[in-house]
Amino acid sequence: MTASVIAVHDLSVVRDGRTILAIDDLAVGVGERWVVLGANGSGKTTFLTICAARLLPSSGTVDLLGERVGRVDLRQLRARIGLVSSALTRQLRTDLSALDVVIGGLDGSLEPWWRTTTTTEVDAARATLERVGVGALADHRLGALSDGERQQVLLARALFADPPLLLADEPSAGLDLGARERLLGRFDALAHDHPDRAMLLVTHHVEEIPRSMTHALVLRSGQLLAAGPIAEVMTSATISTCFNLPLTVTTTDGRFGAHALR
């Protein structure tokens, strides 16, 4: 049986008396790469935040990397989970260098001033930036980068500690076509180079699903609509129900597309 990197059971998140997410059972195995799909407000980011060990559920159990959330030091657990998210971007000072942002990925820190950085760590951070294609930006300020460059830097930060679990919350949001395709290509390359790393990628656009995704989880109004191998889940019927609109889902060269029926 494949080991579970993520396992949730009887999960629920309740806000102001309203259940915004409910999942009975779900397991993500080693090397599985899941896309989390759904309309705005469907619970995608809430689920990802739980999987990042940054939000506790109202009820149920969550096991991440073999540890039961609530019985483990969350700071140590978070250091083993790579995270790319706009929420994280907003917490980072814009005058930090790309290099400082990446080095913070060693322990999830937002500021460089409280730790002493070794020459080995600096060299490794520069190498990680090179690996994702933005090595020349190491000494540039975060606030001076384009959206696409910033996402590449955040990806480098997420990968710096070589985490067994990588989470990305709408990483292509706001990018132009070229920047989007370059970023999705990076995710495909990562899947090829690190086949044992599990991944969750949140989106509400099927065109933003990398070719390397193996599974899909579809949420609708906080409920699990479908989950399983991507070819079985990404059907016209399921995606139409997800977005409450008659849609046709297509595939071209391993990439998905969707358009409304006339």
Check ion pair [X]-[Y] (N to O, under 4.0 angstrom):
X	Y	answer
Asp193	Arg131	no
Arg255	Glu181	yes
Asp95	Arg93	yes
Asp147	Arg180	no

Counting distance only, does the side-chain N/O of [X] pair as donor-acceptor with the main-chain N or O of [Y] below 3.5 Å?
X	Y	value
Ser146	Glu149	yes
Arg54	Thr49	no
Gln151	Gly148	no
Glu170	Thr203	no
Asp16	Arg18	no
Asp176	Ala179	yes
Ser4	Gly29	no

Q: Show the numbers, then the answer: is there a side-chain contact (heavy atoms from CB on, under 4.5 Å) between Glu32 and Val5?
A: CA-CA 9 Å; Glu32 293 180 353; Val5 177; over 6 Å; no
Among side-chain atoms of [X] and [Y], is any donor-acceptor pair under 3.5 angstrom?
X	Y	answer
Ser59	Ser12	yes
Thr235	Thr238	yes
His204	Asn40	yes

Which heavy-atom pair separates [X] from [Y] by the least distance, and what is that distance?
X	Y	value
Ala79	Leu106	CB-O, 4.1 Å
Leu48	Ala168	CD2-C, 3.9 Å
Arg126	Ala138	NH1-CB, 3.3 Å
Leu65	Pro164	CD2-CG, 3.6 Å
Val233	Gly228	CG2-N, 3.4 Å
Gly38	Cys242	CA-SG, 3.7 Å

Q) Going through the checks in order, is the side-chain contact (heavy atoms from CB on, under 4.5 Å) test met by Asp253 and Arg211? A) CA-CA 8 Å; Asp253 190 27; Arg211 292 181 177 87; 3.0 Å; yes
Measuring from atom [atom1] of [X] to atom [atom2] of [Y], what distance do you get when rounded to the nearest 0.5 angstrom?
X	Y	atom1	atom2	answer
Arg78	Leu165	CZ	CG	14.0 Å
Asn244	Ser221	CG	OG	8.5 Å
Ile50	Ser58	CD1	OG	8.0 Å
Leu167	Met199	CG	CE	9.5 Å
Asp10	Asp25	CG	CG	6.5 Å
Ser97	Asp139	OG	CG	6.5 Å

Please examine the side chains of [Y] and [X], heavy atoms only from C-beta on, and report whether any two atoms are closer than 4.5 Å.
X	Y	result
Leu83	Leu166	no
Phe256	Ile230	yes
Val249	Val206	no
Arg197	Asp162	yes
Leu99	Val122	yes
Asp188	Ser212	yes
Leu154	Val102	no
Leu247	His259	no

Q. What residues form a ring pair (Phe, Tyr, Trp, His ring centres under 6.0 Å) with His215, not counting sequence neighbours?
A. Trp34
Q | Among Met234, Lys44, Arg220, side-chain contact (heavy atoms from CB on, under 4.5 Å) partner for Leu37 | A | Met234
Q) For Val36, which of Leu201, Thr45, Leu219 qualifies under side-chain contact (heavy atoms from CB on, under 4.5 Å)? A) Leu219
Q) Would Val8 end up clustered with Leu56 when hydrophobic side chains under 4.5 Å apart are linked, directly or stepwise? A) yes
Q.
Starting from Ile20, can I reach Val14 by hopping between I/L/V/M/F/W/Y residues whose side chains sit under 4.5 Å apart?
A. no
Q: Please assess Asp63 against Ile6 for the test side-chain contact (heavy atoms from CB on, under 4.5 Å), listing each intermediate value before the final yes or no.
A: CA-CA 6 Å; Asp63 293 287; Ile6 300 171; over 6 Å; no
(Q) Test side-chain contact (heavy atoms from CB on, under 4.5 Å) on Ser240 and Leu245; report intermediate values, then the result. (A) CA-CA 5 Å; Ser240 295; Leu245 182 71; over 6 Å; no
Q: Give a yes or no on this: more than 12 heavy atoms of other residues, nucleotides or ligands lie within 6.0 Å of atom CZ of Arg68.
A: yes
Q | Qualifying residues under side-chain contact (heavy atoms from CB on, under 4.5 Å), relative to Gln76, sequence neighbours excluded | A | Asp73
